[in-house]
Amino acid sequence: MELNYTKIGDYLLPNLTIERQNNEKINKYGYLRLHYLKENNKPLYTTLLMQNELTNHLVSISIEAENRLLMEQYKNFDKLLSEKNKMNNQLEWVKLMNNYKNMAEEVILKELIYTRLVRKL
């Protein structure tokens, strides 16, 4: 890997750019992971950036988070969420759906976003 440098004052700073390697989009969870790495795990962020793996890492986190969110939501469906109950008691149905979504999102944030290790997804 060849790095180009720009001289700023007395220092040579590397020209680091993120090249888009994946056609997939980075979603909310990918951007949360990016912010976490920048603020709390600077060495890992710099390593991923220099190895040109940051975008791949963020896309894989985005995909994994979306898959988990859908799996967790559907796994928790029960009799209270049937279409019959949806028509009869809409507010209760919405409360339950929001509760399931929040539980799934809490698991995703804890296990994928706010971890210090890089996972092979």
Atom [atom1] of [X] and atom [atom2] of [Y]: how far apart are they, to the nearest 0.5 Å?
| X | Y | atom1 | atom2 | result |
| --- | --- | --- | --- | --- |
| Asn15 | Thr6 | CG | OG1 | 3.0 Å |
| Ile113 | Glu105 | CD1 | CD | 9.5 Å |
| Leu109 | Asn102 | CG | CG | 10.0 Å |
| Lys101 | Leu70 | NZ | CG | 10.5 Å |
| Leu44 | Lys38 | CG | NZ | 13.5 Å |
| Ile108 | Lys28 | CD1 | NZ | 8.5 Å |

Are [X] and [Y] side-chain neighbours, meaning at least one heavy-atom pair lies under 4.5 Å?
| X | Y | result |
| --- | --- | --- |
| Tyr36 | Thr115 | no |
| Leu37 | His57 | yes |
| Met103 | Val107 | no |

| field | The single option from Asn41, Leu48, Leu49 passing side chain to side chain contact (heavy atoms under 4.5 Å, CB included) against Tyr45 | value | Leu49

| Which residues satisfy the side chain to side chain contact (heavy atoms under 4.5 Å, CB included) test with Glu66, sequence neighbours excluded? |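 Expected list: Asn27, Tyr29.
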
| Between Arg33 and Ser62, is there a donor-acceptor pair closer than 3.5 Å when you use the side chain of the first and the backbone of the second? |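 Pair absent, no side-chain N/O of Arg33 close to backbone of Ser62.
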
| said: Please check this pair: side chain of Asn99 against backbone of Lys95, looking for a donor-acceptor N/O pair closer than 3.5 Å. | reply: no

| Any chain of hydrophobic side-chain contacts (each under 4.5 Å) joining Met87 to Leu91? |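 They do not share one cluster, since no chain of ILVMFWY contacts under 4.5 Å joins Met87 to Leu91.
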
| Any ion pair linking Glu106 and Lys110 (charged N to carboxylate O, less than 4.0 Å)? |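 Salt bridge: no.
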
